Amino acid sequence: EQGPGVTAALLASSTKLCTSKQLYQECLAIYECVSLDPNLRIEDKSVWSCLLFSAVEAGCHQHCRLFFEKLKASGGAPSPKDYGNMIRFASVTKESGLALALVREMREVGVSIDCIVYNTVL
């Protein structure tokens, strides 16, 4: 099955727009549709960040790990906000081991940890 042939630039624009307008379910639906296209390559780190945030906000936790791994694979360390979203996911799903591992990883890669992240882990 092939997706709609959407360009990576159009996906980036629509993902950012949906996220900014708090249309989290719609953002994920767009991804689900375009992910059917085997030729689509998403290399824009901000797309994965928006998708991760949308998945956490919408409670679609089955996508969080994938989006975070894709974000990490797109180059460089995730931002403090991205780690914070994953820690929120770990908190909601009661995965304390994951939350602690993420804090450990943040320290290892030199990403700053704020009091909100620490409180979420607790």
Side-chain angles (χ1 to χ4, degrees):
E1 196 170 331
Q2 187 168 348
V6 172
T7 66
L10 179 57
L11 174 62
S13 294
S14 60
T15 302
K16 292 172 188 177
L17 179 64
C18 286
T19 304
S20 73
K21 299 296 182 185
Q22 299 179 356
L23 300 171
Y24 307 121
Q25 292 284 356
E26 292 81 352
C27 183
L28 297 171
I30 291 169
Y31 170 76
E32 289 293 327
C33 182
V34 301
S35 68
L36 297 174
D37 185 344
N39 298 317
L40 181 66
R41 301 288 177 255
I42 305 169
E43 297 174 4
D44 185 342
K45 194 173 189 171
S46 67
V47 171
W48 295 117
S49 181
C50 287
L51 288 168
L52 174 60
F53 180 66
S54 293
V56 171
E57 289 295 309
C60 296
H61 300 133
Q62 68 274 19
H63 297 297
C64 293
R65 290 178 195 274
L66 170 70
F67 293 156
F68 192 64
E69 289 306 315
K70 295 284 191 174
L71 192 152
K72 288 167 70 173
S74 67
S79 71
K81 179 182 143 263
D82 297 322
Y83 276 107
N85 285 325
M86 274 304 287
I87 289 170
R88 284 179 50 218
F89 156 70
S91 175
V92 168
T93 57
K94 303 194 183 329
E95 296 183 51
S96 58
L98 174 61
L100 291 173
L102 288 164
V103 168
R104 208 171 298 119
E105 184 178 314
M106 289 175 78
R107 285 186 184 147
E108 289 171 3
V109 298
V111 174
S112 62
I113 305 170
D114 61 20
C115 62
I116 295 170
V117 167
Y118 282 125
N119 285 329
T120 304
V121 171
L122 294 175

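This structure is a prediction, so every number in the text was calculated from the model and none was measured. The residues of the chain are indexed from 1 along the displayed sequence.
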**OP:** Could you point out which residue of Lys81, Glu105, Met106 forms a side-chain contact (heavy atoms from CB on, under 4.5 Å) with Val111?
**Re:**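 Single pass found, and it is Met106.
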Partners of [X] by side-chain contact (heavy atoms from CB on, under 4.5 Å), sequence neighbours excluded?
X     : result
Arg41 : Glu43
Cys50 : Thr15, Lys16, Thr19
Ser74 : Lys45, Trp48
Glu57 : Tyr24, Phe53, Arg88

Original post:
If only atom types and distance count, is the side chain of Thr120 paired as donor or acceptor with the main-chain N or O of Ile116 below 3.5 Å?
Top reply: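 Confirmed, Thr120 side chain pairs with Ile116 backbone.
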Original post:
Taking Ser20 for the side chain and Leu17 for the main chain, is one N or O donor matched with an acceptor at less than 3.5 Å?
Top reply: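 Indeed, once roles are kept as given, a pair shorter than 3.5 Å links the two residues.
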**OP:** Quick one: closest heavy-atom pair of Ile30 and Cys18, and the distance?
**Re:**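 Scanning both residues completely, I find the closest heavy atoms to be CD1-SG, 3.8 Å.
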Subject >> Minimum-distance pair of heavy atoms, taken over all atoms of Leu40 and Ala8 >> reply: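 Taking Leu40 first and Ala8 second, the nearest heavy atoms are CD1-N, 3.8 Å.
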Pairs touching [range] that satisfy salt bridge (charged side-chain N to carboxylate O under 4.0 Å, His left out), sequence neighbours left out:
range            : value
residues 24-36   : none
residues 109-122 : none
residues 46-55   : none

Any chain of hydrophobic side-chain contacts (each under 4.5 Å) joining [X] to [Y]?
X      : Y      : value
Val117 : Val92  : no
Leu98  : Leu100 : yes
Leu51  : Leu23  : no

To the nearest 0.5 angstrom, please state how far the [atom1] atom of [X] sits from the [atom2] atom of [Y].
X      : Y     : atom1 : atom2 : answer
Asn85  : Ser79 : CG    : OG    : 8.0 Å
Cys60  : Phe67 : SG    : CZ    : 8.5 Å
Leu52  : Met86 : CG    : CE    : 6.5 Å
Cys27  : Leu11 : SG    : CG    : 8.0 Å
Asp82  : Ser49 : CG    : OG    : 3.5 Å
Leu102 : Ser91 : CG    : OG    : 11.5 Å

Original post:
Can you find a heavy atom in the side chain of Asp37 that is under 4.5 Å from one in the side chain of Val6?
Top reply: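 Asp37 does not reach Val6 side chain to side chain.
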Subject >> Residues that Arg65 engages under salt bridge (Lys or Arg N to Asp or Glu O under 4.0 Å), provided they are two or more places apart >> reply: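 Partners of Arg65 by the salt bridge (Lys or Arg N to Asp or Glu O under 4.0 Å) criterion, ordered by chain and then number, come out as Glu95.
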Original post:
Going by the ring pair (Phe, Tyr, Trp, His ring centres under 6.0 Å) test, which pairs reach into residues 80-107, not counting sequence neighbours?
Top reply: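 Checked against ring pair (Phe, Tyr, Trp, His ring centres under 6.0 Å) - neighbours excluded - the pairs reaching residues 80-107 are His61-Phe89, Phe68-Tyr83.
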Original post:
Hey, mind stepping through Arg107 and Ile113 against side chain to side chain contact (heavy atoms under 4.5 Å, CB included) and telling me if it holds?
Top reply: CA-CA 8 Å; Arg107 285 186 184 147; Ile113 305 170; 3.7 Å; yes
